[in-house]
Amino acid sequence: MQRTYIMVKPDGVQRGLIGKIITRIEERGLKLVALKMYIIPEDVARAHYGEHEGKPFFKSLLDFITSGPSVSMVVEGKEAIKIMRSTVGSTNPQDASPGTLRGDFSLDMGRNIIHASDSIESANREIGIHFSESEIVSFTRIDEQWIYE
Ligand code: IDP
Ligand code: MG
């Protein structure tokens, strides 16, 4: 099983999309093992988006991501990282396929509603930035035997 870090960004929260996004994750069969809402402090945002430091959009990205509450999650499942990246869709919503979360609910690169880790290394790093180990639960979903062969 893999774990990935997912965030409903402040635009997704403001636009009332938390429930729709979580529903898509749950209905797919992926398991939520950690969940919280908080306003990300600037130092945490800098750590989260460290790879983009120095890029022209970095300042506006930090301002945006810290501008209001966001919802952080850890999602678990077989190939969860790849599955969540394809469920989220392309970074630029104009290129995101219909049926993806960005393709269905967003229009602009700087307001693309959701974040998903892009690799095992990023997932481990991002989970560690936003959650302590004690905030992540371990449990069996009652439908797992009907989701996995
Ligand atoms: P990702 O979220 O699909 O992994 P990244 O390239 O890691 O995309 O960029 C992180 C976030 O930074 C994007 O989701 C988007 O909100 C923002 N971003 C990326 N590139 C640009 C840009 O060229 N202009 C404005 N915002 C950008
Ligand atoms: Mg990224």
Side-chain angles (χ1 to χ4, degrees), residues 1-138 147-148:
M1 291 292 164
Q2 271 179 357
R3 282 176 175 177
T4 186
Y5 170 74
I6 303 298
M7 183 206 307
V8 181
K9 295 180 178 181
D11 52 341
V13 173
Q14 290 294 334
R15 293 177 54 207
L17 295 171
I18 301 167
K20 279 202 172 92
I21 290 169
I22 290 178
T23 295
R24 289 275 281 273
I25 295 168
E26 286 189 301
E27 287 184 344
R28 185 73 182 269
L30 292 168
K31 182 161 66 180
L32 270 168
V33 295
L35 178 69
K36 68 178 170 191
M37 176 186 269
Y38 77 127
I39 299 177
I40 296 180
E42 196 194 309
D43 58 324
V44 176
R46 279 183 179 278
H48 176 92
Y49 279 129
E51 65 178 299
H52 298 300
E53 196 153 4
K55 294 183 186 169
F57 60 87
F58 186 64
K59 170 84 169 66
S60 63
L61 180 60
L62 281 195
D63 288 348
F64 164 63
I65 219 72
T66 59
S67 66
S70 54
V71 172
S72 281
M73 294 173 246
V74 180
V75 170
E76 192 178 276
K78 270 187 198 165
E79 299 295 332
I81 295 168
K82 179 179 78 179
I83 289 168
M84 280 310 304
R85 286 292 288 190
S86 61
T87 299
V88 162
S90 301
T91 305
N92 186 344
Q94 292 172 16
D95 301 324
S97 303
T100 65
L101 289 165
R102 286 171 174 166
D104 284 351
F105 298 119
S106 67
L107 290 170
D108 204 6
M109 185 100 108
R111 298 288 185 271
N112 61 7
I113 73 163
I114 182 166
H115 168 87
S117 308
D118 64 9
S119 65
I120 293 173
E121 297 69 36
S122 306
N124 290 337
R125 193 180 67 83
E126 291 166 3
I127 290 168
I129 288 171
H130 296 277
F131 290 97
S132 61
E133 200 48 53
S134 65
E135 291 177 302
I136 304 172
V137 294
S138 179
I147 288 168
Y148 295 112

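Just so you know, ligand 1 is whichever comes first in the structure, and atom 1 is the first atom listed for that ligand.
- Using a 4.0 Å cut-off between charged side-chain N and carboxylate O, E79 and R28 make no salt bridge.
- Contact shell of ligand 1 (protein heavy atoms, cutoff 4.0 Å): K9, Y49, H52, F57, L61, R85, T91, R102, M109, N112.
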Sequence neighbours excluded and cut-off under 3.5 Å, please list the side-chain donor-acceptor pairs for residues 10-18, or say none.
residue : atom : partner : partner atom : Å
D11     : OD2  : N112    : N            : 3.4
D11     : OD2  : I113    : N            : 3.1
R15     : NH1  : F105    : O            : 2.7
R15     : NH2  : F105    : O            : 2.9

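- D108 is linked by a salt bridge (Lys or Arg N to Asp or Glu O under 4.0 Å) to nothing, counting only residues two or more places apart in sequence or in another chain.
- Proximity of a side-chain donor or acceptor of D104 to a complementary backbone N or O of P98 within less than 3.5 Å is not detected.
- A donor-acceptor contact closer than 3.5 angstrom is absent between the side chains of S97 and T100.
- For residues 11-48, every residue pair satisfying the ring-ring contact (aromatic ring centres under 6.0 Å, His included) rule, not counting sequence neighbours, is listed here: Y5-H48, H48-H115, H48-H130.
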